[in-house]
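So that the names make sense, note that chain A is the first sequence line, chain B the second, and so on, each numbered from 1.
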Number of protein chains: 2
Amino acid sequence: MSSVENCACFNVRRVARVITQFFDAKVRCHGIRPTQTPILGALQAKDGWGMAELSEWLGMERTTLVRNLRPLQRDGLVRANGSGRGGRVELEITQKGRTALAKALPGWRSAQNKVVAILGEERWSAIISDLEQVAVKLKDQ
Amino acid sequence: MSSVENCACFNVRRVARVITQFFDAKVRCHGIRPTQTPILGALQAKDGWGMAELSEWLGMERTTLVRNLRPLQRDGLVRANGSGRGGRVELEITQKGRTALAKALPGWRSAQNKVVAILGEERWSAIISDLEQVAVKLKDQ
DNA sequence: CTTCACAATGTGTATATACACACAAAGGCC
DNA sequence: GGCCTTTGTGTGTATATACACATTGTGAAG
């Protein structure tokens, strides 16, 4: 029972790698990476996120988000308004960011559809819901 | 339907982050990381792995495994016998590696039990099995 | 006004991940 | 023997991730 094959961490990371590579192959040619898509998506849905707030929503270490934003800021897809160190920062997606996201959307949708189709939409929803529950419970501890 | 919240890549990566942090908190104090555990585990179960062979089994890019082995080799937990560039390499776990893995096992088991307990063993097995299927189908494409 | 704790952010360092590319050995073909 | 494909490995570069620590603004207590 307690072997490598059953390890929750290993198994989830393993499938995350494969799925990420699959999504990457579909959106890379549009200039953004699958890991950047949710950041842009969150900013497009609602402006004015703070760093800590957005990192919480993404389930990502705050300091990780700081680094992940760097390439997006450098390329002008995201703007960070605020004094930076010490002061609160307001994040917003730029017009260029919106355009990039829109361009990558067909590729993303194709990947998403193919992944979901493997198990079916219902099964997939159940798994996502269960995994979400795991994440929530683990963050309490 | 096609929003950030439903993205398969985002959701799986998200839960992978949380689970990894949880495992990390349990095994870090024993000197190894949750991402290194499966490598050591695979080598303990069977010696003589080649690079490509092991990376395939781990569902990891071959070049990623090369880098991930570096800290383990540096710390003397894993040995790579072979000419390296060009020639086939035989990987093996050292005695120090076996000891480190054994020391971390209680922490790992604790984390594993707690994660599995959230959904129950049956539910968890079903999810792992389904995700495994997704990984296999995606690698064909 | 000063100090002090808190809240929000960034940095140092290390590992994890992978695409594009480069390199070397082994074996078949001529 | 000399070429060439195939197989097995490593490197360059870039992003992703996070723990430990540092920094700065703000408001409350004195």
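- The distance between atom CZ of B:Arg88 and atom C1' of D:dT6, rounded to the nearest whole Å, is 15 Å.
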Pull out every protein N or O sitting under 3.5 Å from an N or O of nucleotides 13-16 of chain C, one pair per line with the distance.
{"residue": "C:dT13", "atom": "O4", "partner": "A:Arg67", "partner atom": "NH1", "Å": "3.1"}
{"residue": "C:dT15", "atom": "OP1", "partner": "B:Arg74", "partner atom": "NH1", "Å": "3.0"}
{"residue": "C:dT15", "atom": "OP1", "partner": "B:Arg74", "partner atom": "NH2", "Å": "2.7"}
{"residue": "C:dA16", "atom": "OP1", "partner": "B:Thr35", "partner atom": "OG1", "Å": "2.4"}
{"residue": "C:dA16", "atom": "O3'", "partner": "A:Arg13", "partner atom": "NH2", "Å": "3.0"}

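- For the residue pair B:Thr20 and A:Arg13, a side-chain donor N or O sits within less than 3.5 Å of a side-chain acceptor on the partner.
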List the steps, then state whether salt bridge (charged side-chain N to carboxylate O under 4.0 Å, His left out) holds for A:Asp24 with A:Arg33.
CA-CA 6 Å; A:Asp24 186 65; A:Arg33 301 180 172 229; 5.4 Å; no
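- Among the nucleotides C:dC21, C:dC19, C:dG10, the one closest to any side-chain atom of B:Arg62 is C:dC21.
- A:Glu61 has its CD atom 5 Å from the C1' atom of D:dA18, to the nearest Å.
- Partner of A:Trp49 under the side chain to side chain contact (heavy atoms under 4.5 Å, CB included) criterion, chosen from A:Leu65, A:Leu58, A:Leu54, A:Ile93: A:Leu54.
- Side-chain N/O atoms of A:Glu92 and A:Asn81 include a donor and acceptor closer than 3.5 Å.
- Here D:dT9 presents its P atom at 10 Å from CG of B:Leu54, a figure rounded to the nearest Å.
- For the atom pair A:Cys9 SG and B:Trp108 CH2, the distance stands at 10.5 Å (nearest 0.5 Å).
- A donor-acceptor pair under 3.5 Å is absent between the side-chain atoms of A:Ser129 and the main chain of A:Ser125, judged by distance alone.
- Closest approach of B:Arg88 and B:Gly48 over heavy atoms only: NH2-O, 3.7 Å.
- Side-chain to base pairing of B:Arg70 with D:dG10: no donor and acceptor N or O lie closer than 3.5 Å to each other.
- Two residues, A:Val66 and A:Val18, neighbour DNA chain C, and the one matched to the more 5' nucleotide by heavy-atom proximity is A:Val66.
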Please walk me through it: do B:Glu61 and A:Arg17 pass salt bridge (charged side-chain N to carboxylate O under 4.0 Å, His left out)?
CA-CA 9 Å; B:Glu61 247 297 302; A:Arg17 281 193 293 264; over 6 Å; no
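- Using a 4.0 Å cut-off on heavy atoms, the residues of residues 19-32 of chain B that approach DNA chain D are B:Gln21, B:Asp24, B:Arg28, listed by number.
- If you take CD of A:Glu90 and C1' of C:dA8, they are 13 Å apart, rounded to a whole angstrom.
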